[in-house]
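Computed over heavy atoms, backbone and side chain alike; hydrogens, waters and symmetry mates excluded. Quick caveat, the model's predicted, so the values are computed rather than measured. All residue numbers in this chain count up from 1 along the given sequence.
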Amino acid sequence: MTSPMEWPSDLRPTEMTFYVQTVTAQTQSSLSGVIQAKARPGARWVATITVQAITPQLQWLEALITKQQSGAVEVLLPFFGHQAGRFSGHLSFDDYAAEIGELGFDDDTRFSDGRGFVEGAGTPTVIDGCGDRMIVTGCYPGVSPWLEALLQTSPGRLHWVVNSSIADENGTAALGIFPNLRETPNINLRETKNPTVLMRLTSGEALSSPTTAPAQVAHQLTFEESLS
C-alpha cells in the first residue's frame, strides 16, 4: 500500500472548515409524525481548505491533485490552528505523591502511600480503549484528568475528548471520545502533538485568478477521512 503524502509544514490554509460528519438514520412516527434520528457507525472527519501556494509549494499541490485524478490519494492532513490535546499537567499522580509527602518506593518498583494505594504511571498515560471509551492511568485521584481537547490515538486517527470520569484511588479514569476508535490505540500515549488526520482527497481545483501567470495560485481542496 502506498504511504500517505506528508502535508508541507509551511503550507497553511487561508480558509478552512474541519469537522466530524455524522451518519444518522431517521424514522417518522405514523401516528404523531415525530421524526427520530439515531446515530449509525461511520462518522468521519471532513475538511475543505483554501490555500495560496508559491513554488515549490505549488508543485506539491499540483502533484497531489494529479494523483487524485488518477486514483485515490491519501494525505496526513494537519488540524490547522487547533491546540494539541494535553492532559492537565498539574493533576498527575506524581503531584499527588508529592502532596502527601510520599515519594519513595516500598519495593523499588511500586509506590505505596501506606493506605493501599499503588502507583500506575506517574503522569497520565493511555493504557486501553474500545469504541467510544479510552482508559487512562497515572491521574490525580478524585479529579477529572482531561480538559476538552483532541487526542491522537494512532497515526492519522484523531478524536475529540467529550467527557471524563473522576479518577479512582488508583489514578485510573475513563475518557469519552468521538468519533469511535477504529483500531487499538497507541498504548503509553501521553499527549497529542501536531494532530493530523489520514484524509483522502475527493476534489481539488485551482480557483479563478484575474491575472496572467500569477505568482500565487489559490486552490480549494476537499478531503474526507480515509477509513480503509
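Side-chain contact between Leu64 and Val73 is present, with at least one heavy-atom pair separated by less than 4.5 Å. In this structure, the side chains of Met199 and Ser226 stay at 4.5 Å or more apart for every pair of heavy atoms. Residues Leu221 and Leu201 are in side-chain contact: their nearest non-hydrogen atoms beyond the backbone lie under 4.5 Å apart. With contacts defined as side-chain heavy-atom distances shorter than 4.5 Å, the pair Val162/Ile177 does not qualify. Here the side chains of Arg157 and Asn186 are not in contact, with every heavy-atom distance at 4.5 Å or above.
The shortest non-hydrogen separation linking Leu198 to Pro4 is CD1-CB, 3.7 Å. The minimum heavy-atom distance linking Leu158 with Pro179 is given by the pair O-CD, 3.9 Å. Taking every heavy atom of both residues into account, Val51 and Pro13 meet most closely at CG1-CA, 3.6 Å. Nearest heavy-atom pair across Cys130 and Leu181 is N-CD1, 3.4 Å. The minimum heavy-atom distance linking Arg182 with Gly42 is given by the pair NH2-C, 4.3 Å. Residues Cys139 and Ala173 come closest through the heavy atom pair SG-CB, 4.5 Å.
One hydrophobic cluster holds both Leu11 and Leu77 under the rule that ILVMFWY side chains link at heavy-atom gaps under 4.5 Å. Both Met16 and Leu61 belong to a single network of hydrophobic side chains, linked directly or stepwise wherever heavy atoms of I, L, V, M, F, W or Y lie under 4.5 Å apart. Grouping the Ile, Leu, Val, Met, Phe, Trp and Tyr side chains by contacts below 4.5 angstrom, directly or via other members, places Val20 with Val75. Note on Tyr140 and Ile166: separate hydrophobic clusters, where clusters join Ile, Leu, Val, Met, Phe, Trp and Tyr whose side-chain heavy atoms are under 4.5 Å apart, directly or indirectly. Hydrophobic clustering (ILVMFWY, side-chain heavy atoms < 4.5 Å, transitive): Phe223 and Phe80 are in one cluster.
Counting only distance, with no hydrogens or angles, the side chain of Thr17 and the backbone of Ala47 share no donor-acceptor pair below 3.5 Å. Under the 3.5 Å distance criterion, the side-chain polar atoms of Thr172 are left unmatched by any main-chain donor or acceptor of Asp168.
Between Trp45 and Phe79, the distance from one ring center to the other falls under 6.0 angstrom.
Glu224 and Thr202 are not linked by any side-chain donor-acceptor pair at a separation below 3.5 angstrom, with hydrogens and angles left out of the test. Side-chain polar atoms of Thr14 and Gln52 form no donor-acceptor pair below 3.5 angstrom.
Note that CG of Leu58 is 12.0 Å distant from CH2 of Trp60, once rounded to the nearest 0.5 Å. The structure places CG of Leu76 at 5.0 Å from OG1 of Thr196, a figure rounded to the nearest 0.5 Å. Summarising the geometry, atom CG belonging to Leu175 is positioned 8.0 Å from atom CG belonging to Asn163; distances are rounded to the nearest 0.5 Å. A distance of 9.5 Å separates CG in Asn180 from CZ in Arg133, rounded to the nearest 0.5 Å.
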Could you go through the side-chain contact (heavy atoms from CB on, under 4.5 Å) check for Thr50 and His219 one step at a time? CA-CA 6 Å; Thr50 300; His219 286 76; over 6 Å; no
side-chain contact (heavy atoms from CB on, under 4.5 Å) assessment of Gln152 paired with His159: CA-CA 6 Å; Gln152 188 104 56; His159 307 267; over 6 Å; no
CA sep, side-chain torsions, deciding dist, call: Ile127, Val136, side-chain contact (heavy atoms from CB on, under 4.5 Å): CA-CA 6 Å; Ile127 58 172; Val136 181; over 6 Å; no
Are Glu74 and Met5 close enough, and set up right, to give a side-chain contact (heavy atoms from CB on, under 4.5 Å), and what steps lead you there? CA-CA 6 Å; Glu74 293 181 331; Met5 297 178 67; over 6 Å; no
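Among Val197, Thr48, Ile49, the single residue meeting the side chain to side chain contact (heavy atoms under 4.5 Å, CB included) criterion with Phe18 is Val197.
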